[in-house]
Amino acid sequence: MNDEYTPRIVGFLCNWCSYTGADLAGVSRLKVPPSLRIIRVMCSGRIDPLFVLKAFLKGIDGVMMMGCHPGECHYQKGNYNARRRFILLQKILEAFDLEPERLGIWWVSASEATKYAKVTTEFAKEIEKIGPSPVANEIFL
C-alpha cells in the first residue's frame, strides 16, 4: 500500500455517550486517527442510512457508527434501531461490491475514552489495509 495513503473516515457519534467519550479522549490527549471526521447525532438511532450511503458515494473510505451500550440508550431503543440499520447497510454495501468491513458499529460510553481511541485506531488500520474506496474513481461523482 502507498505510504502516502491516509484513509478518509467519517464517524457518526451519539451525543450522550460516544461523542462525550471522544471528547474525553481529546482532553486526555489519547491518540486517535487524524483523518477521522466526527458528525454528532443526538442518538445512534438517528443515523439515517442515507447519511452513510451518501458518505460512501462521496468517496469516503470507511464509516463508523457509535452509540450507547445496548440497554443504556438515552432514548431507550435508539441503539437497537442503529444495530438493525447497520445490518441493512452491510447488505447494501455487499450488493454494490463494497467491502462490508468499511462500515463498523461500536458501543462506547462517555467514560470509555480509551476504548474510543482503541476502536478508532484499529478501524483506521483496517481501512488502510483494505485500501481506498473504489467509488472515489467512479464517473458519477
Checklist entry - Would you say I9 and I60 make side-chain contact, with heavy atoms under 4.5 Å? => result no
Checklist entry - Does the T121 side chain pair with the main chain of K118, one donor and one acceptor, at a distance under 3.5 Å? => result no
Checklist entry - Where do L13 and I39 land on the side-chain contact (heavy atoms from CB on, under 4.5 Å) test, with the steps shown first? => result CA-CA 6 Å; L13 278 59; I39 299 173; over 6 Å; no
Could you list the donor-acceptor pairs under 3.5 angstrom formed by side chains in residues 20-38, with sequence neighbours left out?
residue	atom	partner	partner atom	Å
T20	OG1	N15	O	3.2
S28	OG	L24	O	2.8
S35	OG	P7	O	2.6
R37	NH1	P34	O	2.8

Item to check | Ring centres under 6.0 angstrom apart (F123, W106) | outcome: yes
Item to check | Cluster check M42, I47: I/L/V/M/F/W/Y, side chain < 4.5 angstrom | outcome: no
Checklist entry - In this structure, are over 12 heavy atoms from other groups packed under 6.0 Å from K115 atom NZ? => result yes
Checklist outcome for this item: CZ (R46) and SG (C14) are apart, to the nearest 0.5 Å, by 12.5 Å
Item to check | Atom OH of Y19 with >12 non-hydrogen neighbours under 6.0 angstrom | outcome: no
Side-chain donor-acceptor contacts of residues 70-80 below 3.5 Å, not counting sequence neighbours, with atom names and distances?
residue	atom	partner	partner atom	Å
Y75	OH	W16	NE1	3.3
N79	ND2	C68	O	2.9
N79	ND2	H69	O	2.9
Y80	OH	G71	N	3.3

Next on the checklist: Contact between C17 and V108 at the side-chain level, heavy atoms closer than 4.5 Å - yes or no?
Outcome noted: no
Item to check | Approximate separation, where rounding is to 0.5 Å, of Q90 CD and I105 CD1 | outcome: 9.0 Å
Checklist entry - Is there a side-chain contact (heavy atoms from CB on, under 4.5 Å) between L103 and V52 once you walk through the steps? => result CA-CA 9 Å; L103 175 66; V52 174; 4.0 Å; yes
Checklist entry - Is the side chain of R8 donor-acceptor paired with the backbone N or O of G59 at a distance under 3.5 Å, no angle test? => result yes
Checklist entry - Is there side-chain contact between Y116 and T114, with at least one heavy-atom pair below 4.5 Å? => result no
Item to check | From CA spacing to verdict: side-chain contact (heavy atoms from CB on, under 4.5 Å), I130, R102 | outcome: CA-CA 8 Å; I130 295 171; R102 290 186 182 277; 3.2 Å; yes
Checklist entry - Is there side-chain contact between V119 and M66, with at least one heavy-atom pair below 4.5 Å? => result yes
Item to check | Side chains of V135 and L98 in contact at under 4.5 Å (non-hydrogen atoms) | outcome: yes
Checklist entry - Mind checking whether F12 and M64 have side chains closer than 4.5 Å, heavy atoms only? => result no
Next on the checklist: Within this structure, what is the CD1-CD1 distance for the pair I87 and I92, rounded to the nearest 0.5 Å?
Outcome noted: 12.5 Å
Item to check | Gap between atom NZ of K125 and atom OG1 of T120 - 0.5 Å precision | outcome: 10.5 Å
Checklist entry - What's the verdict on side-chain contact (heavy atoms from CB on, under 4.5 Å) for Y5 and I127, showing C-alpha distance, side-chain angles and the deciding distance? => result CA-CA 11 Å; Y5 168 66; I127 296 300; 4.0 Å; yes
Next on the checklist: Test your reading of the model: is there a side-chain donor-acceptor pair from S18 to the backbone of G67, 3.5 Å cut-off?
Outcome noted: yes
Checklist entry - Under 6.0 Å from the CZ atom of R85, do we count more than 12 heavy atoms belonging to anything else shown? => result yes
Checklist outcome for this item: Interatomic distance, OG@S133 vs CD@E99, rounded to 0.5 Å, equals 8.0 Å
